[in-house]
J.: 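Could you have a look at this structure, given as structure tokens, before my questions?
Keep in mind that this is a model prediction, so the values were computed, not measured. Read the numbers this way: they start at 1 and go in the same order the structure lists the ligands and their atoms.
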Amino acid sequence: MGKLIIANWKMNPRTRREAEELARASDVEGLIICPPFVFIDDVSRMISRARLGAQDVFWEEWGAYTGEVSLPELQDLGVEYVIVGHSERRQNLGETDEMVARKIAAAIKAGITAVLCIGETRIERDAGQTEAVVKRQLQIGLSKLINSSTTQLIIAYEPIWAIGTGTPDTPEDMISMVKLIKNQVSGIKYQVIYGGSVTSKNAESFLKHSEIEGVLVGGASLRSEEIKKILEIANKYKG
Ligand code: PGA
């Protein structure tokens, strides 16, 4: 099994044209590109090797839910992965663990691979609450899962203080976190990946460890040269 490399473009780039250019330049085997909803279709037409993901989803399939996007709608565009519970949504939009749980369960039921994001703030970490926070996010976030045998799940540990700051967590910390996650979540299949200020300079320090099964890349994924270098590194550690 190869390493998972997920590009989270967040609310970038600004235009369809730029999105198309970035997609064309980033179209490499093994990459999962998660563009903003409005660019998914454009990106889809530009890629043949990379796979498609979305940055969020709603749990209902259709109906009176203004502004939301459903799983069937995403699947119709060829989306195979969906990020759920990113800290930017939890912090800026009040997304709760309960909402995350509904999204995770709906995505997995629909056959889409869910990427559950977890991680603590700097204040929580300094207060020694990292373990408690992560355990709560996992316990509630995965509480609505039913069909465990067909589960397609990725757990992304993204400490909030490491996101977009240029200061990633250490691979050693991440390996301890993987142990904690494995102790907490059993009976279902999943992979654990790291996110937070990953670049081509530090990707290898994470990817060389078998416990770390991939990386979620934000800022650096907006530069195709960067993401291609990260993919090259990942290919060295294909299982
Ligand atoms: P970053 O973002 O790589 O820019 O730190 C990662 C993420 O938020 O998914």
J.: Report yes or no: does a heavy atom of Gly195 sit under 4.0 Å from some atom of ligand 1?
T.: no
J.: When the side chains of residues 167-175 are checked against the rest of the protein, which donor-acceptor pairs come out under 3.5 Å, sequence neighbours left out?
T.:
unit_1	atom_1	unit_2	atom_2	d
Thr170	OG1	Asp173	N	3.0
Asp173	OD2	Arg125	NH2	2.5

J.: Taking side-chain hydrogen bond (donor to acceptor under 3.5 Å, both in side chains) as the definition, give me every residue that meets it alongside Glu131, ordered by chain and number, with sequence neighbours left out.
T.: Lys135
J.: Would you indicate whether the side-chain heavy atoms of Leu116 and Gln137 approach each other to under 4.5 Å?
T.: no
J.: Answer yes or no for Ala220: is there a heavy-atom contact with ligand 1 below 4.0 Å?
T.: no
J.: Should you measure from each heavy atom of Gly196, which atoms of ligand 1 turn up under 4.0 Å away?
T.: 5 (O)
J.: What are the atoms of ligand 1, with element, lying closer than 4.0 Å to any heavy atom of Lys10?
T.: 2 (O), 6 (C), 7 (C), 8 (O)
J.: Output the list of atoms in ligand 1 that are nearer than 4.0 Å to some heavy atom of Glu158, sorted by atom number.
T.: 6 (C), 7 (C), 8 (O), 9 (O)
J.: Which atoms of ligand 1 have any heavy atom of His86 under 4.0 Å away?
T.: 7 (C), 8 (O), 9 (O)
J.: Taking only heavy atoms of Gly219 into account, list the atoms of ligand 1 that are under 4.0 Å away from them.
T.: 1 (P), 3 (O), 4 (O)
J.: Taking 4.0 Å as the limit for heavy-atom contacts, which would you say applies to Ile163 with ligand 1: side chain only, backbone only, both, or neither?
T.: both
J.: If you compare all heavy atoms of Leu77 against all heavy atoms of Ser44, which two are closest, and at what distance to 0.1 Å?
T.: O-OG, 3.9 Å
J.: Specify whether Phe206 and Tyr194 have parallel, tilted or perpendicular ring planes, treating 30° as the upper limit for parallel and 60° as the lower limit for perpendicular.
T.: parallel
J.: Salt bridge check, Asp97 against Arg90: does any charged N sit closer than 4.0 Å to a carboxylate O?
T.: yes
J.: Given Cys34, Gly218, Gly164, Ala156, identify the one with the heavy atom nearest to atom 5 (O) of ligand 1.
T.: Gly164
J.: Which ligand 1 atoms are under 4.0 Å away from a heavy-atom of Leu216?
T.: 9 (O)
J.: Are Glu95 and Lys103 close enough, and set up right, to give a side-chain contact (heavy atoms from CB on, under 4.5 Å), and what steps lead you there?
T.: CA-CA 11 Å; Glu95 194 156 299; Lys103 293 180 179 194; 2.9 Å; yes
